[in-house]
Amino acid sequence: MASQKTKNDWNDESTSEISVTLLPLSTEQTPSVLEMVQGPGAPRNYELFRAEMVVGRAIDADVPINSTDLSRRHVLLKRAPSGQYSLQDLESRNGAYVNGVKIHSAVLHDGDSIQLGSILFVFHEGRAMS
């Protein structure tokens, strides 16, 4: 008795082998860090763990720094979906400088220096852990 194939049966003649690489849903990454190298409490590291973080003199700032050189809300650090951070001056009294250049806003890169009054930071980009 011969068996009949239905349209749901696999046809060995039309199949081929493929290779699929699966990527993890998320990769663990070390957070980006603001390293305070000069200023009250230096040296000190601040992990950037939120999509938006305010640096300033206010007690409720995400990165609070007790210095009269800073405005209460001095700058905003903002993480893009790509993971890259930018720095925006929040109309501070003394301004914000990235690598010695006064900015209103700037995209940050690993090793950039950020000066807010007499306070000096170095920005360190987060890295994928291997």
Side-chain angles (χ1 to χ4, degrees):
M1 184 168 172
S3 65
Q4 291 182 338
K5 288 188 176 186
T6 66
K7 65 181 178 180
N8 292 331
D9 289 338
W10 286 96
N11 182 344
D12 290 334
E13 296 169 5
S14 66
T15 61
S16 61
E17 191 173 308
I18 61 169
S19 176
V20 176
T21 303
L22 299 177
L23 299 175
L25 292 176
S26 66
T27 58
E28 289 189 40
Q29 185 168 350
T30 59
S32 294
V33 172
L34 269 186
E35 176 189 9
M36 182 194 292
V37 294
Q38 181 179 313
R44 181 167 180 187
N45 289 338
Y46 295 93
E47 288 187 356
L48 305 179
F49 54 90
R50 292 190 185 141
E52 292 188 358
M53 294 183 69
V54 172
V55 178
R57 179 177 92 237
I59 294 170
D60 63 347
D62 299 302
V63 179
I65 302 187
N66 187 13
S67 172
T68 56
D69 284 351
L70 294 184
S71 296
R72 293 188 329 173
R73 293 177 43 88
H74 202 95
V75 293
L76 173 68
L77 288 152
K78 191 172 186 178
R79 183 178 62 223
S82 66
Q84 190 167 41
Y85 274 89
S86 61
L87 182 77
Q88 179 181 350
D89 186 2
L90 297 175
E91 300 179 19
S92 64
R93 178 178 68 239
N94 291 326
Y97 295 79
V98 174
N99 299 325
V101 177
K102 188 170 186 173
I103 58 98
H104 175 69
S105 66
V107 173
L108 297 176
H109 302 283
D110 193 50
D112 281 351
S113 67
I114 301 167
Q115 186 160 2
L116 311 174
S118 64
I119 293 127
L120 182 62
F121 295 97
V122 176
F123 175 75
H124 299 284
E125 287 180 348
R127 303 234 185 274
M129 296 172 68
S130 38

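These numbers were taken from a predicted model, which means no experiment stands behind them.
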Inset, instruction - Please answer: with hydrophobic residues joined when any side-chain heavy atoms are less than 4.5 Å apart, are Val63 and Tyr97 in the same cluster? - result: no
Legend entry - Side chain proximity check, Ile65 to Leu116, heavy atoms < 4.5 angstrom: no
Inset, instruction - First locate atom OG1 of Thr68, then atom CZ of Arg93, and finally report the distance between them rounded to the nearest 0.5 Å. - result: 7.0 Å
Inset, instruction - Output, in order, the C-alpha distance, side-chain angles, deciding distance and verdict of side chain to side chain contact (heavy atoms under 4.5 Å, CB included) for Leu90 and Ser71. - result: CA-CA 9 Å; Leu90 297 175; Ser71 296; over 6 Å; no
Legend entry - Minimum-distance pair of heavy atoms, taken over all atoms of Ser32 and Gly126: OG-N, 2.9 Å
Legend entry - By side chain to side chain donor-acceptor pair (under 3.5 Å) - contacts of Ser92 (at least two apart): His74, Asp89
Inset, instruction - Starting at CZ of Arg79, measure out to CE of Met53 and round the result to the nearest 0.5 Å. - result: 9.5 Å
Legend entry - Point-to-point distance, once rounded to the nearest 0.5 Å, from CZ of Arg73 to CG of Asp60: 8.0 Å
Inset, instruction - Would you indicate whether the side-chain heavy atoms of Ile114 and Val55 approach each other to under 4.5 Å? - result: no
Please tabulate, one pair per line, all N/O donor-acceptor pairs under 3.5 Å involving side-chain atoms of residues 37-52, not counting sequence neighbours.
{"residue": "Gln38", "atom": "NE2", "partner": "Ser118", "partner atom": "O", "Å": "3.0"}
{"residue": "Arg50", "atom": "NH1", "partner": "Asp62", "partner atom": "OD1", "Å": "2.3"}

Legend entry - Distance, nearest 0.5 Å, that separates NE2 of His124 from CG of Leu108: 12.0 Å
Inset, instruction - Flag yes if Val98 and Leu70 sit in one hydrophobic cluster, no otherwise; membership is Ile, Leu, Val, Met, Phe, Trp, Tyr, and two members link when side-chain heavy atoms are under 4.5 Å apart. - result: yes
Inset, instruction - For the pair Asn94 (side chain) and Asp69 (backbone), establish whether a donor and an acceptor sit closer than 3.5 Å, ignoring hydrogens and angles. - result: yes
Legend entry - Spatial distance of atom CZ (Phe123) from atom CG (Leu87) [nearest 0.5 Å]: 9.5 Å
Legend entry - Value rounded to 0.5 Å, distance of CZ in Phe121 from CD in Glu35: 10.5 Å
Legend entry - ILVMFWY cluster, Ile119 and Val33 together (side-chain gap under 4.5 Å): no
Legend entry - Contact summary for Gln84 and His109, nearest pair of heavy atoms: NE2-CE1, 3.5 Å
Inset, instruction - Kindly indicate whether the side chain of Leu120, heavy atoms from C-beta on, has any atom under 4.5 Å from the side chain of Met36. - result: no
Inset, instruction - Taking all heavy atoms of Pro64 and all of Ala58, pick out the closest pair and write down the distance. - result: CB-O, 3.5 Å
